[in-house]
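Working notes, beginning with the structure itself.
All values below come from the heavy atoms of this structure, side chains included, with hydrogens, waters and symmetry mates left out.
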Amino acid sequence: MSFAIKKIDHIQLAAPKGCEEAAREFFSGILGLTEVEKPAELKKRGGVWFEFGTFQLHIGVEEPFSPAKKAHPAFMVENIEELKANLRNKEITFTEDDLLPGASRIHVHDPFGNRIELLEWL
């Protein structure tokens, strides 16, 4: 083959129309991601983009909307115990999972019901 996939550029999660403020509160305010400006032409579609490290998370408007209950992104975390404390302080429900050897991981749902995995390799 004369081509190669190098890395993930971004992940997109769907959300309902009018999702922007709730997305900002959760992904920036609770998970600490940095909002990035969407290109002018794409702003018309709604949604909001975030950045972490060299990756981006795009929240895109989808109508009709249905949350991803099983399919999910998994984000590697540094200091997951602090993240869990932050989620508890913000009254965000999460489930702990010890089924992946060598990892401490939790699952949380964004404000729209999309499943998100957060894990730290031990």
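Open room surrounds CD1 on I8; 12 or fewer heavy atoms of other groups in view lie less than 6.0 Å from it. Shown here is E41, whose CD atom has no more than 12 heavy atoms of other residues, nucleotides or ligands within 6.0 Å. Annotation for K43: atom NZ counts as buried by contact number, over 12 foreign heavy atoms lying within 6.0 Å.
The side chain to side chain contact (heavy atoms under 4.5 Å, CB included) test with F27 is passed by exactly one of I116, T34, V48: I116. No option in D97, T95, D98, L118 other than D97 meets the side chain to side chain contact (heavy atoms under 4.5 Å, CB included) test with R105.
Residues I11 and V77 share a hydrophobic cluster, clusters being chains of Ile/Leu/Val/Met/Phe/Trp/Tyr side chains in contact below 4.5 Å. Residues L31 and F75 share a hydrophobic cluster, clusters being chains of Ile/Leu/Val/Met/Phe/Trp/Tyr side chains in contact below 4.5 Å. Taken together through direct or relayed side-chain contacts under 4.5 Å among Ile, Leu, Val, Met, Phe, Trp and Tyr, M76 and L100 form part of one hydrophobic cluster. Note: the hydrophobic cluster containing L42 also contains V36 (ILVMFWY, side chain heavy atoms under 4.5 Å, direct or indirect links).
Minimum heavy-atom separation, S28 to L33: OG-O, 3.1 Å. Pairing each heavy atom of R115 with each of K69, the nearest pair is CD-O, 3.2 Å. Contact between E37 and W49 at its shortest, heavy atoms only, is O-CE3, 4.3 Å. Smallest separation of non-hydrogen atoms from C19 and G47: SG-CA, 4.3 Å. Nearest heavy-atom pair, A22 versus P111, reported as atom, atom and distance to 0.1 Å: O-CG, 3.7 Å. When every heavy atom of N114 is checked against every heavy atom of A14, the shortest pair comes out as ND2-O, 2.7 Å.
Rounded to the nearest 0.5 Å, atoms CG (L57) and CD (Q12) are 8.5 Å apart. To the nearest 0.5 angstrom, S104 atom OG is 5.5 Å from E81 atom CD. Of the inter-residue distances, the one linking K90 atom NZ with E25 atom CD reads 10.0 Å to the nearest 0.5 angstrom. Atom CZ of F50 and atom NE2 of H10 lie 14.0 Å apart (nearest 0.5 Å). Note that NE2 of H58 is 11.0 Å distant from CG of L13, once rounded to the nearest 0.5 Å. Of the inter-residue distances, the one linking E82 atom CD with N89 atom CG reads 9.5 Å to the nearest 0.5 angstrom.
For the pair R88 and E96, the salt-bridge criterion is met [side-chain N within less than 4.0 Å of a carboxylate O].
No donor-acceptor pair closer than 3.5 Å links the side chain of K7 to the backbone N or O of F55. With E120 contributing its side chain and I80 its backbone, the two residues share a donor-acceptor pair below 3.5 Å. Put simply, the side chain of E63 gets close to the backbone of K17: a donor and an acceptor are under 3.5 Å apart.
Between F26 and F112, a ring centre-to-centre spacing not shorter than 6.0 Å is recorded.
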Give the C-alpha distance, both sets of side-chain angles, the deciding distance and a yes or no for side-chain contact (heavy atoms from CB on, under 4.5 Å) between L87 and I30. CA-CA 7 Å; L87 293 172; I30 294 173; 3.6 Å; yes
